[in-house]
Amino acid sequence: MSFLHLKSVKNLQNLARQSVDLTQDGVFNGERIETMRQSAIGFDLLYAAERVTPAVIEALFELSDEAMAMQKMADMQAGVEMNRIEGFDSEQRAVLHTAMRDQFTHRQKAKNAMAASDMAQAELQKLERFLEVLDRENRFTDLIQIGIGGSDLGPRALYLALLPFARPHHRVHFISNVDPDDANNVLNRVDLKKTLVVVVSKSGTTLETLTNEEFVRARLQKLGLDPKEHFIAVTGEKSPMDNPAKYKASFYIWDFVGGRYSSTSMAGAVAIGFAYGFSALMEILRGAHAMDAHAMTKRNLPLLSALLGIWNRNFLQLPTAAVVPYSQALIRFPAHLQQLDMESNGKSVDITGHFVDFSTGPVVWGEIGTNAQHSFYQLIHQGTQAIPVEFIGFRKSQHPFDLDVKGSSSQEKLLANLFAQSIALAKGQKSANPNRFFPGNRPNRILLADRLDPYTLGALLAFYEHKVALQGFIWNINSFDQEGVQLGKVLASQILDLFAAQRSSKSGPSFEVGEAYLRILNAKK
Ligand code: G6Q
């Protein structure tokens, strides 16, 4: 049934007409803050600053029941074909990124999930042996990961989140853009003799990645180095990159692990294992698995976050959502979430192929705090439209060293700012000077954990994967395909063919759209 026809949606629409005003005296109080929080596996979700009442929360959970969100989550983790559009040509696949990390459980698994889990296990064992050999050889100090989209954003965000845990002399670099400046910048700062290169492409056909692979291979050859001694492949079975003869080692990812959900597969595991060691990698998987299991329980944290997002999007009609981690370690996490959320839920058809008549995924964007406060917070506080904010924070810093300056540590200053922003957005400020008036009633929530270690990072990653999937289940859309990125790719490859033809024959084919571009290019030669 369409989202708008669900009984709870009507109820929620009514509740939204009389939604709470957090700026009214006494509303945003201690009791509200105490009761509007939920905790699990080391995370607290504090949502007193959202524009909800207990009645709204009840109605939101009814919505999730009516949309069978939890049943769909169980189906997904059991390996049911969730990536599909019924009655139309579509990817028709199971969605089993959770099987990449479910080796810690003895619970009964469905057949598909069991097979996927065995496959993941085999790759992990292969990686463990490979890392042991690397440690014995002790030849490599750097690793370059070449990949883009899901083969870059999540793995890069995870790598950057754990720098204090790095093993000495194990640095990782990333090349993603086809802009030659990206590859050149990385190549200029490594000693290629001591560098491994892992090429990550599930399809083995991505233009940027294949181009960058050749770019780096050429540089190695120029230095008289044998690429086979340096290159590792992570790709789909039988893809054009599935050619172990060309690589020092090859690892697999499968079609049931979507690119943006692939950080805990070999797409992220090779670089993370190299930088932080196999046991840290296993801790990430253990944390992710704990969140996977939690996401199957009643009224879980990712579900609550998904429902609050739906409240803001569909009932308060707020078109964007910001995510602001108060954590330097999460510097690239907003970029990962941007892809995870918008590529998954930026959809206009439901899983039966009908165009939807309601809003789906919001524009998701963000930056780390406190830096964001000196950037876009003006608009968040006083702009014409409310922007829901999800803050992420940790009670402790990753490094043990901190310093008291003027009576407080840096970590205390960081957290004080996080809480202050949440209160300021909710309560606002009255002022006779209109320019100093803060309207308040701007919804936000805080996801708080103790310290960002590998386990917590894995759980955080999975929290958002499930939040996004649960929203998709409630909207009844397919959160696991990405047809919207295909058209531009096809056109770019057609234009490249024309460039090539134009280069080899002066009288190459004439074409409408690119003619002007070609003229400009040729004129510059
Ligand atoms: C993610 C998308 C996309 C993909 C990249 C790279 O869900 O599918 O971002 O990860 O296009 O694809 P390859 O890994 O196949 O090179």
Intermediate values then yes/no, salt bridge (Lys or Arg N to Asp or Glu O under 4.0 Å), D44 and R395: CA-CA 11 Å; D44 293 308; R395 291 181 193 89; 2.5 Å; yes
Inter-residue atom distance Y326.OH - T370.OG1, 0.5 Å rounding: 6.5 Å
Non-neighbouring partners of R167 that pass side-chain contact (heavy atoms from CB on, under 4.5 Å), sequence neighbours left out: D135, H170
Rounded distance [0.5 Å steps], CZ in F473 versus OG in S479: 6.5 Å
Euclidean distance, N243 CG relative to S250 OG, rounded to 0.5 Å: 7.5 Å
Heavy-atom side-chain contact between L192 and L187 under 4.5 Å: yes
Heavy atoms from other residues, nucleotides or ligands near NE2 of H169 exceed 12 (cutoff 6.0 Å): no
Heavy-atom neighbours of K228 NZ exceed 12 at 6.0 Å: yes
Nearest heavy atoms of K202 and D255, plus distance in Å: NZ-O, 3.8 Å
Distance-minimising heavy-atom pair for L220 and P227: CD2-CA, 4.0 Å
N417 side, atom CG; Y377 side, atom OH - distance, nearest 0.5 Å: 8.5 Å
Verdict with supporting geometry, L210 and M241, side-chain contact (heavy atoms from CB on, under 4.5 Å): CA-CA 9 Å; L210 298 186; M241 260 175 63; 4.1 Å; yes
Close side-chain approach of V200 and P155, heavy atoms under 4.5 Å: no
Output field: ring centroids F419/F391 closer than 6.0 Å: no
E367 (side chain) donor-acceptor with P334 (main chain) under 3.5 angstrom: no
Neighbour count above 12 (heavy atom, 6.0 Å) for K193 NZ: no
Residue of the set Q145, R156, E208 for which side-chain hydrogen bond (donor to acceptor under 3.5 Å, both in side chains) holds with S176: R156
Non-hydrogen atoms of G236 and Y252 that approach each other most closely: C-CD2, 4.0 Å
Under 3.5 Å donor-acceptor, D402 side chain and Q411 backbone: yes
Pi-cation contact, F231 with R217 (under 6.0 Å, within 45°): yes
Salt-bridge present (D142, R189; N to O < 4.0 Å): no
R451 vs F394, side-chain contact (heavy atoms from CB on, under 4.5 Å): CA-CA, chis, key distance, verdict: CA-CA 5 Å; R451 179 170 175 258; F394 302 94; 5.6 Å; no
Pairwise side-chain contact, Y276 with L281, heavy-atom cut-off 4.5 Å (strictly under): no
pair D75-M82: side-chain heavy atoms closer than 4.5 Å: yes
F463: ring pair (Phe, Tyr, Trp, His ring centres under 6.0 Å) partners, not counting sequence neighbours: none
Any side-chain heavy-atom pair of L285 and L124 under 4.5 Å: yes
Steps toward side-chain contact (heavy atoms from CB on, under 4.5 Å) verdict (E213, K246): CA-CA 12 Å; E213 176 173 0; K246 266 176 76 183; 4.1 Å; yes
Note: E123-K126 ion pair, threshold 4.0 Å (strictly below): yes
Interatomic distance, L46 atom CG to L448 atom CG [nearest 0.5 angstrom]: 6.0 Å
For V324, the option from L418, L330, I392, V389 that meets side chain to side chain contact (heavy atoms under 4.5 Å, CB included): V389
Ring geometry between Y261 and H97 (parallel below 30°, tilted from 30 to 60°, perpendicular above 60°): parallel
Residue pair R93 / E91: nearest heavy atoms and the distance that separates them: CG-O, 3.2 Å
N212 versus N177, closest heavy-atom pair with distance: ND2-O, 3.0 Å
Sidechain-backbone polar pair: T235 side chain, S201 backbone, donor-acceptor under 3.5 Å: yes
Min side-chain heavy-atom separation L452-S327 under 4.5 Å: yes
Nearest heavy-atom neighbours spanning A271 and L143: CB-CD2, 4.0 Å
Aromatic ring pairing F256/W254, orientation class (parallel under 30°, perpendicular over 60°, tilted between): parallel
Separation between CG of N478 and CD1 of I85, rounded to the nearest 0.5 Å: 4.5 Å
Aromatic ring pairing W365/F376, orientation class (parallel under 30°, perpendicular over 60°, tilted between): perpendicular
Presence of salt bridge, D152 and R332, under 4.0 angstrom: no
Backbone of G259 reached by a side-chain donor or acceptor of S262 within 3.5 Å: yes
N/O donor-acceptor pair under 3.5 Å between H294 side chain and L301 backbone: yes
K347 (side chain) donor-acceptor with G472 (main chain) under 3.5 angstrom: no
Contact list for residues 462-472, test side-chain hydrogen bond (donor to acceptor under 3.5 Å, both in side chains), sequence neighbours left out: R101-E465, D292-H466, E390-Y464
Chi angles and distances behind the side-chain contact (heavy atoms from CB on, under 4.5 Å) call for L461, H336: CA-CA 10 Å; L461 180 86; H336 163 64; 3.6 Å; yes
Validation row: Q482, R260 side chains within 4.5 angstrom (heavy atoms): yes
P244 side chain near D242 side chain, heavy-atom distance below 4.5 Å: yes
N184 side chain to P180 backbone, donor-acceptor under 3.5 Å: yes
Test item: side-chain donor near acceptor, D453 and T456, under 3.5 Å: yes
